[in-house]
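Here is the structure we will look at.
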Amino acid sequence: MGNKKSKLVVLSGAGISAESGLGTFRDKGGLWDQYDINEVATPEAWEKNPELVLDFYNKRRELCIQAQPNQAHFALAELENHFDVHIVTQNIDDLHERAGSTNILHLHGEILKAQCSINPNDVRVLQNPIIKIGDLSNSGHQLRPHVVWFGESVPKMFEAEDIVRDADIFVVVGTSLNVYPAANLLYACKKNCQKFIVDINELTNVKFNNVKLFKGPASTKIPELVDHLLQLNG
Ligand code: APR
């Protein structure tokens, strides 16, 4: 009987895609320095000026399509050969998928998909990277980005908590843990779970005991962490 693979859960944020050229949100010069969240990423913004919202996500979608996964994404995909890997990402890009990871939950949606502005369960993969006014859902309503906006519920949060709950190893990479409820996942894991944080900065807002910090860019620190894990548990 082969020994059961340890369950390794990753919570990733914008920092893992920074070295792929995609902007983070709260770093200096990040997206929320360039745009007002209330103008482009809330249901009220959508009511007030849907063109501006569509334009914001059309621009980000183009950048996501042009971006390439980096060594951090590839190293996490490689981990699937050694662990039962589950990726819970706050990112709406598809770089984890394109790096080869196969078990991914997008907490905040996916930029390459659109949803009906009335029925959030009517979701489709975009054939054309641009959504414009007049692009309609099956029920004849305007299409919007399949993204969770501020003030909206996070439908996959319970599923994410179930995934984290019985993790043997929990890796948090490239997220400032400033956004809830996603940040609560930190406290959903069991007491004897091995916890690691990979971030280019110290995370000041994290009261997280017995966690090992790999401080530096994800593209070098995730491969380092993978080597460490393979020595420990491989
Ligand atoms: N390598 C590792 N970490 C990095 C790198 C890098 N190259 N560059 C930045 N970081 C870290 C920053 O130090 C910060 O802790 O990544 C984190 C980015 O934090 P945010 O910009 O807040 O991004 P994120 O945590 O993913 O935001 C969460 O907020 O805006 C909403 O829905 C949006 O999913 C997003 C959510």
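From a predicted model like this one, the values you see are computed outputs, not experimental measurements. Whatever order the structure lists ligands and atoms in, that order sets their numbers, starting from 1. Each residue takes its place number in the sequence, starting with 1.
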Exercise. What residues sit with at least one heavy atom under 4.0 Å from ligand 1?
Worked result: G13, A14, G15, A18, E19, T24, F25, R26, D27, W32, Q90, H108, F150, G174, T175, S176, V179, D199, I200, N201, L203, G216, P217, A218
For this session: Return each pair, listed once, that meets salt bridge (Lys or Arg N to Asp or Glu O under 4.0 Å) where at least one residue sits in residues 138-155; pairs must be two or more places apart or across chains.
Result: R144-E152
For this session: Over all heavy atoms of both residues, which pair between G15 and A218 is shortest? Give the atoms and the distance, please.
Result: O-CB, 4.4 Å
Extract all donor-acceptor atom pairs below 3.5 Å that involve side chains of residues 21-32 and protein atoms in other chains or at least two apart in sequence.
residue : atom : partner : partner atom : Å
T24     : OG1  : D27     : OD2          : 2.7

For this session: Any chance you could pull the hydrophobic cluster mates of F158, using side-chain heavy atoms under 4.5 angstrom and chaining through other members?
Result: none
Exercise. So, E19 and H73: side-chain donor and acceptor under 3.5 Å apart, yes or no?
Worked result: no
For this session: State whether the number of non-hydrogen atoms from other residues, nucleotides or ligands found under 6.0 Å of K190 atom NZ is greater than 12.
Result: yes
